[in-house]
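I have placed the structure first, in the form of structure tokens, so that the comments after it can refer back to it.
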Amino acid sequence: MTSYRDLKKNSEKDLNAFTARYMFFAFSEKQFADGMAKLGLKPNETGKIRGFGSGAYIRADKIDDYQKLTREQDDRVRRASRSESFAFEMFCTELANHEYPVSMDPTDAVLATGYTMEEVNSNPTLRRALNDAKAYIMSNSGSISQNSKPKGSRCDAKHPPSNVQNDPGWMRLEGQNAYTALGRWKVEKSGRVWNLWGPNGFTGSYPTLSEAGRAVTFFTTVGRTEPSKNSKRRSHGRC
């Protein structure tokens with residue numbers, strides 16, 4: 001069976017390809033003009049695009065295709081999560097991504113999978129998988145706080161797109177297998193993973209230093225220091 005991580009990577013690949021062809025992000029007039037040109041439109045043809053918020057725009061005639069693509073991706077996750085082992089991996093991954101040991105609230109992690117808490121609580125398989133994942137995360141993290149060190153776990157942190165710069169300017173800390181970047185980020189090797197901290201505390205665990213570097217670059221590039229705790233849906237191709 002395909003793992004949750006692989007399923008998400010494939011979904012990111014498909015969504016990134018769609019975004020490259022039919023969407024753009026703009027936070028200035030120049031970026032907007034460049035984005036319109038990328039879509040083959042003139043700056044004044046605003047009736048042919050729709051805003052998604054947060055600087056995102058899409059061709060108006062591709063909204064249905066976008067919705068179809070994201071529905072298909074959600075459907076693949078829902079079919080696979082009929083398996084309790086897949087559901088356990090899914091929740092384990094998202095609980096780690098959303099700092100469950102800090103917040104002790106699984107809501108955002110569950111929403112990131114495409115489910116609601118009501119759906120999970122009413123489904124015995126999902127409910128068991130979530131409870132097992134919460135117990136596993138806590139037993140492998142210890143008391144994680146902004147200054148504590150989590151143990152390595154099999155739960156992978158969210159991965160940004162592969163074309164994001166993988167070195168945000170790491171500076172090695174003398175005498176440690178750890179690095180800092182941008183004055184606010186720290187990554188440290190723990191077993192087989194690299195644990196990453198941002199300005200607000202533990203962010204996630206990554207298999208390589210390059211993956212952690214891409215996460216830092218990605219979050220700072222899009223104007224956020226860490227994954228939003230207020231996100232209500234899965235983040236498509238944005239870590």
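Scope of the values below: all heavy atoms of this structure, side chains included, with no hydrogens, waters or symmetry mates. Being a predicted model, the structure only gives us computed values, none of them experimental.
- Considering every non-hydrogen atom in both Phe86 and Val77, the closest pair reads CE2-O, 4.0 Å.
- In Lys38, the NZ atom is crowded: over 12 heavy atoms of neighbouring residues, nucleotides or ligands sit closer than 6.0 Å.
- Counted within 6.0 Å of CD on Gln67, heavy atoms from surrounding residues, nucleotides or ligands total more than 12; the atom is thus considered enclosed.
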Original post:
Would Lys42 and Glu45 count as a salt bridge (Lys or Arg N to Asp or Glu O under 4.0 Å) if you check the C-alpha gap in whole Å, the side-chain angles of each, and the deciding distance to 0.1 Å?
Top reply: CA-CA 5 Å; Lys42 297 178 181 179; Glu45 293 184 294; over 6 Å; no
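- Taken to the nearest 0.5 Å, the CG atom of Asn16 stands 12.5 Å off from the NZ atom of Lys9.
- The cluster map of Ile, Leu, Val, Met, Phe, Trp and Tyr, joined by side-chain heavy atoms under 4.5 Å apart, puts Ile58 and Leu39 in different clusters.
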**OP:** Assess whether side-chain contact (heavy atoms from CB on, under 4.5 Å) is satisfied between Gln31 and Phe25, documenting all intermediate values.
**Re:** CA-CA 8 Å; Gln31 290 176 341; Phe25 292 84; over 6 Å; no
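- In this structure, Thr70 OG1 and Asp14 CG are separated by 12.0 Å, a value rounded to the nearest 0.5 Å.
- A donor-acceptor pair is defined here as one N or O able to donate and one able to accept, closer than 3.5 Å; such a pair exists between the side chain of Gln73 and the backbone of Ser11.
- Arg5 contributes no side-chain N or O that, together with a main-chain N or O of Thr93, makes up a donor-acceptor pair within less than 3.5 Å.
- Formation of a donor-acceptor pair under 3.5 Å by the Glu119 side chain with backbone atoms of Thr116 is found in this model.
- Taking the side chain as every heavy atom from C-beta outward, Ser3 and Glu89 approach each other to under 4.5 Å.
- A heavy-atom distance below 4.5 Å is found between the side chains of Lys30 and Asp34.
- Of all heavy-atom pairs spanning Ala129 and Ala87, the tightest one is CB-CB, 3.6 Å.
- The shortest non-hydrogen separation linking Pro106 to Leu95 is CB-CD2, 3.9 Å.
- Shown here are the side chain to side chain contact (heavy atoms under 4.5 Å, CB included) partners of Asp132, two or more places apart in sequence or in another chain: Glu84, Phe88.
- The line from CE of Met23 to CZ of Phe18 is 7.0 Å long, rounded to the nearest 0.5 Å.
- Side-chain heavy atoms closer than 4.5 Å link hydrophobic residues (I, L, V, M, F, W, Y) into clusters, and following such links, even through other members, never connects Met36 to Ile63.
- Of all heavy-atom pairs spanning Asp105 and Thr107, the tightest one is OD1-OG1, 2.6 Å.
- Of all non-hydrogen atoms in Thr113 and Glu94, the two that sit nearest each other are CG2-CG, 3.7 Å.
- Interatomic distance, Ile49 CD1 to Arg59 CZ, rounded to the nearest 0.5 Å: 10.5 Å.
- Residue Cys92 forms a side-chain contact (heavy atoms from CB on, under 4.5 Å) with just one option from Asn97, Ile137, Leu130, and that option is Ile137.
- Residue Ala112 comes nearest to Tyr4 through the heavy atom pair O-OH, 4.2 Å, listed as atom of the first residue, atom of the second, then distance.
- Taking the centre and axis of the six-membered ring of Tyr57, the NZ or CZ atom of Arg50 falls outside the cone set by 45° and 6.0 Å.
- Taken together through direct or relayed side-chain contacts under 4.5 Å among Ile, Leu, Val, Met, Phe, Trp and Tyr, Tyr22 and Leu41 form parts of separate hydrophobic clusters.
- Centroid-to-centroid, the aromatic rings of Phe24 and Phe32 come within less than 6.0 Å.
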Subject >> Worked check of side-chain hydrogen bond (donor to acceptor under 3.5 Å, both in side chains) between Tyr115 and Ser81 >> reply: CA-CA 11 Å; Tyr115 284 101; Ser81 58; 2.6 Å; yes
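- Both Met138 and Phe91 are part of a single hydrophobic cluster, where members link through side-chain heavy atoms under 4.5 Å apart.
- Interatomic distance, Arg71 CZ to Arg76 CZ, rounded to the nearest 0.5 Å: 12.5 Å.
- Under the 4.5 Å side-chain contact rule for hydrophobic residues, Leu126 and Leu7 share a cluster.
- Using a cutoff of 4.0 Å between basic side-chain nitrogens and carboxylate oxygens, Lys62 and Asp65 are scored as salt-bridged.
- Annotation: Arg21, atom CZ; neighbour count of heavy atoms from other residues, nucleotides and ligands within 6.0 Å does not exceed 12.
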